[in-house]
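For reference, the structure is listed below as structure tokens.
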Number of protein chains: 2
Amino acid sequence: MSELRLEDIAKRAGVSRSTVSRVINNQPNVSEKARQRVLEVIKLTGFSPNAAARTLVSQRSNTIGLVLPHSVSTFFTDPYYPHLIKGITQACNQYDFTLALFVAGSKEYQEKLLPRLSSKGFLDGVILQSGHQADQSIILELSKTNLPMLVAGRPLYDDEVCFIDIDNIAASEKAVRHLINCGRKKIVIITGPLTSTVGLDRLSGYRNAMDSSSLKYNDNSIIESDFTEQGGYNAMQKLISSKPDAVFAASDMMAIGAIRFIRDAGLNVPKDIAVVGFDDLPIPMVNELQLTTIRQPVVQFGFKAVETLIELIENDLPIIKRVLMDTELIIRKSCGFESG
Amino acid sequence: MSELRLEDIAKRAGVSRSTVSRVINNQPNVSEKARQRVLEVIKLTGFSPNAAARTLVSQRSNTIGLVLPHSVSTFFTDPYYPHLIKGITQACNQYDFTLALFVAGSKEYQEKLLPRLSSKGFLDGVILQSGHQADQSIILELSKTNLPMLVAGRPLYDDEVCFIDIDNIAASEKAVRHLINCGRKKIVIITGPLTSTVGLDRLSGYRNAMDSSSLKYNDNSIIESDFTEQGGYNAMQKLISSKPDAVFAASDMMAIGAIRFIRDAGLNVPKDIAVVGFDDLPIPMVNELQLTTIRQPVVQFGFKAVETLIELIENDLPIIKRVLMDTELIIRKSCGFESG
DNA sequence: CTGAAAGCGCTTACAG
DNA sequence: CTGAAAGCGCTTACAG
């Protein structure tokens, strides 16, 4: 049934292979009569052209890869990734691309992936989720293959690579400024891992906001953690001795943990300590706690990533693209300040 | 750099294209000397063969598709899917396949997907996540293309299709039997949507267990819900009037909701009402609540799905495959009965 | 507007 | 064990 080739369609429509090909590819220079006849036969037979043959001759597969390197250990628990994939697949649908997904569960698997990723005639380009220093080597290896590549999440060394990220620095500044506007003075921060740019950039934003308001902070105001709830709890435990009146947690999960500790310590949010988180993914607890937070446009981020990658693919000469996306401060009640 | 072809390698190694091809494909009938020379040149040049050309001639792409039809609306919130994907990608890595992911966010997108899915020379086979009656049409359409297809989740009409599922009936029986063994007599159930086989099969298991112990139940013992926390809460509210001493919720999220209502009603779990859930995915609340539940082997399920699909692909004549996987009862404290 | 022919980069009988 | 040649199913100059 589907073992038809272009040639068979041509015969049945009484035209040449070339004409059928032109019709399929929506090219001009086909008479309306011929076009109709071909279209009819195609509908009748359910013909669809062989993808491999098209790829071979056109040098385009219309397939892009999403690579989650082994540094992404939270793929299975973090709702971030499904939302990212949602945006990516939406864009793929819209632009008629297919998504190939590569999840490197371990360093060994990651090694095995490389040849597949870089073999010609398979992917038109690749989105590499990154931001962690451990990804430096795979970024380098992929760069060498000349495969168009967009890194999602600013890489640690971003000299020659194209990347897309949210503006983490501006976002964190916004979060901390909000605490300052609420009248808080002793503001501390729970950061993500400082081996990643997400961790580093959100800390930079905190510093910027504090500095520009001439507020004091020191080493005891900054605790590095790991984006988990328990990590937030533990970090808050360390921070409490400096008697803060506000805490900025670089993720909602850590904010939730921090709040849990604050309550365990017999203190009140927001009265004693105001809290701002980061992410605003649909974690049930976030809503319950009425957490003020920074909303990441995750779905739009995925969508934009695909659009940017397509630009890279369609530009013949390599170009350097950097995209930073804006975030939004979502004011709830954890700073004692409701949205008006 | 990577614009090399087989022919270039052949020239540099002083052999023919055929020999290089044999070396790359690990075929016999190559002298050790020739093999070494070719391998050396390949390593030196970083050559990797063009995937499209290989696919065209071998009629195998080593790519499989995972299709999440639009009936899967919980992709972005349910941790089930990342775990499923974990298992699938692990198997893909092991068997040297690539995963193409198709998420049909809407019915319209799903329509657009079909030609891509069924176009020759692209996918060797497809795993279709299903179990919902709305998927009947896409199952049918894909069946017609002769593309090897495995449905993950028993489809409503399973006559001619290959599928893999967990043994939902046996699992639910096991869950309800446990409640019976704990001495409970008035056992009620919160089911999933009865438009899906997951919903139906887990209800069947409940009935089997109740019947074989000659326990009574009626229409008021069975409330259909939607797998969400709030749905579980609402369902429990309706069930409470029949004064149950135990409830089997067909998902952990619903069990969590049910427990919330039970507590709001001033009752105690497990003293007044014992609770068993279903899934045992790493939802933080499950642990906190010490919920007794059925553990689905989600990762292994994904892995096995790929292995089964590969069998289908490699069998020349179509075969009907049905795989049912076992589950495990995880005894915690929500039935007042700790594991020994 | 149309078709014959070359070619994309491989694999695989086939003959030696 | 080895290589020349055909062919996988398309697209795309090219000539008309």
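Numbers restart at 1 for each chain; the letters A, B, ... are given by sequence-line order, proteins then strands. What you are looking at is a predicted structure, and each value in this text was computed from that prediction instead of being measured. As a basis for the values below, the full set of heavy atoms in this structure was taken, side chains included, without hydrogen atoms, waters or symmetry mates.
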Review point. For the pair made of NZ in A:K11 and C1' in C:dG3, what is the distance, rounded to whole Å?
Key: 15 Å
Point to revise | Those residues that, when tested against B:F303, pass ring pair (Phe, Tyr, Trp, His ring centres under 6.0 Å) (two or more places apart) | key: none
Point to revise | Pair listing, salt bridge (charged side-chain N to carboxylate O under 4.0 Å, His left out) test, anchored in residues 76-96 of chain B, at least two apart | key: none
Check your understanding: What is the distance, rounded to the nearest whole Å, between atom CZ of A:R60 and atom P of D:dG9?
Key -> 24 Å
Point to revise | Each stem that DNA chain C is part of, given as range with range (3 or more consecutive Watson-Crick or G-U pairs, under 3.5 Å) | key: C:1-3 with D:14-16, C:5-12 with D:5-12, C:14-16 with D:1-3
**Study point:** Salt bridge present between B:R5 and B:D8 (N-O < 4.0 angstrom)
**Key:** yes
Study note, to complete from the structure: Sorted by chain and number, sequence neighbours left out, side-chain hydrogen bond (donor to acceptor under 3.5 Å, both in side chains) with B:R322 holds for none
Point to revise | Separation of C:dC8 C1' from B:D8 CG (nearest whole Å) | key: 14 Å
**Study point:** Residue list, side-chain hydrogen bond (donor to acceptor under 3.5 Å, both in side chains) with A:N25, at least two apart or on another chain
**Key:** A:S21, A:R54
Practice item. Go through the structure and list residues passing side-chain hydrogen bond (donor to acceptor under 3.5 Å, both in side chains) with B:Q59, not counting sequence neighbours. Key: none
Check your understanding: Can you find a side chain N or O atom of B:T19 that sits less than 4.0 Å from OP1 or OP2 on D:dG3?
Key -> yes
Check your understanding: Which part of the nucleic acid does B:A34 contact within heavy-atom distance under 4.0 Å: base, sugar-phosphate only, or nothing?
Key -> sugar-phosphate
Exercise for review: Measure the distance from CZ on B:R5 to C1' on C:dC10 and round it to the nearest whole Å.
Suggested key: 11 Å
Review point. How does protein reach along nucleotides 11-16 of chain C, written 5' to 3' as B (base within reach of a heavy atom under 4.0 Å), S (only sugar-phosphate), or - (no contact)?
Key: BBB---
Exercise for review: Using atom CD1 of B:I42 as one end and atom C1' of C:dC10 as the other, report the distance to the nearest whole Å.
Suggested key: 13 Å
Point to revise | Counterpart residues, side-chain hydrogen bond (donor to acceptor under 3.5 Å, both in side chains), relative to A:H132 (two or more places apart) | key: A:T195
Exercise for review: Mind checking A:E7 for me? I need base, sugar-phosphate or nothing, with any heavy atom below 4.0 Å counting as a touch.
Suggested key: nothing
Study note, to complete from the structure: Whichever of A:L56 and B:P28 has the more 5' nearest nucleotide on DNA chain D, that residue is B:P28
Review point. Does A:P148 have any side chain to side chain contact (heavy atoms under 4.5 Å, CB included) partners at least two apart in sequence or in another chain, and if so, which?
Key: A:L309, A:L312, A:I313
Exercise for review: Classify the nucleic acid contact of A:N29 as base, sugar-phosphate or nothing, counting any heavy atom under 4.0 Å across all strands shown.
Suggested key: base
Practice item. Give the ring-plane orientation class for A:F122 versus A:F102, where under 30° counts as parallel, over 60° as perpendicular and anything between as tilted. Key: perpendicular
Check your understanding: Please give, in whole Å, the distance from C:dC8 C1' to A:N50 CG?
Key -> 13 Å
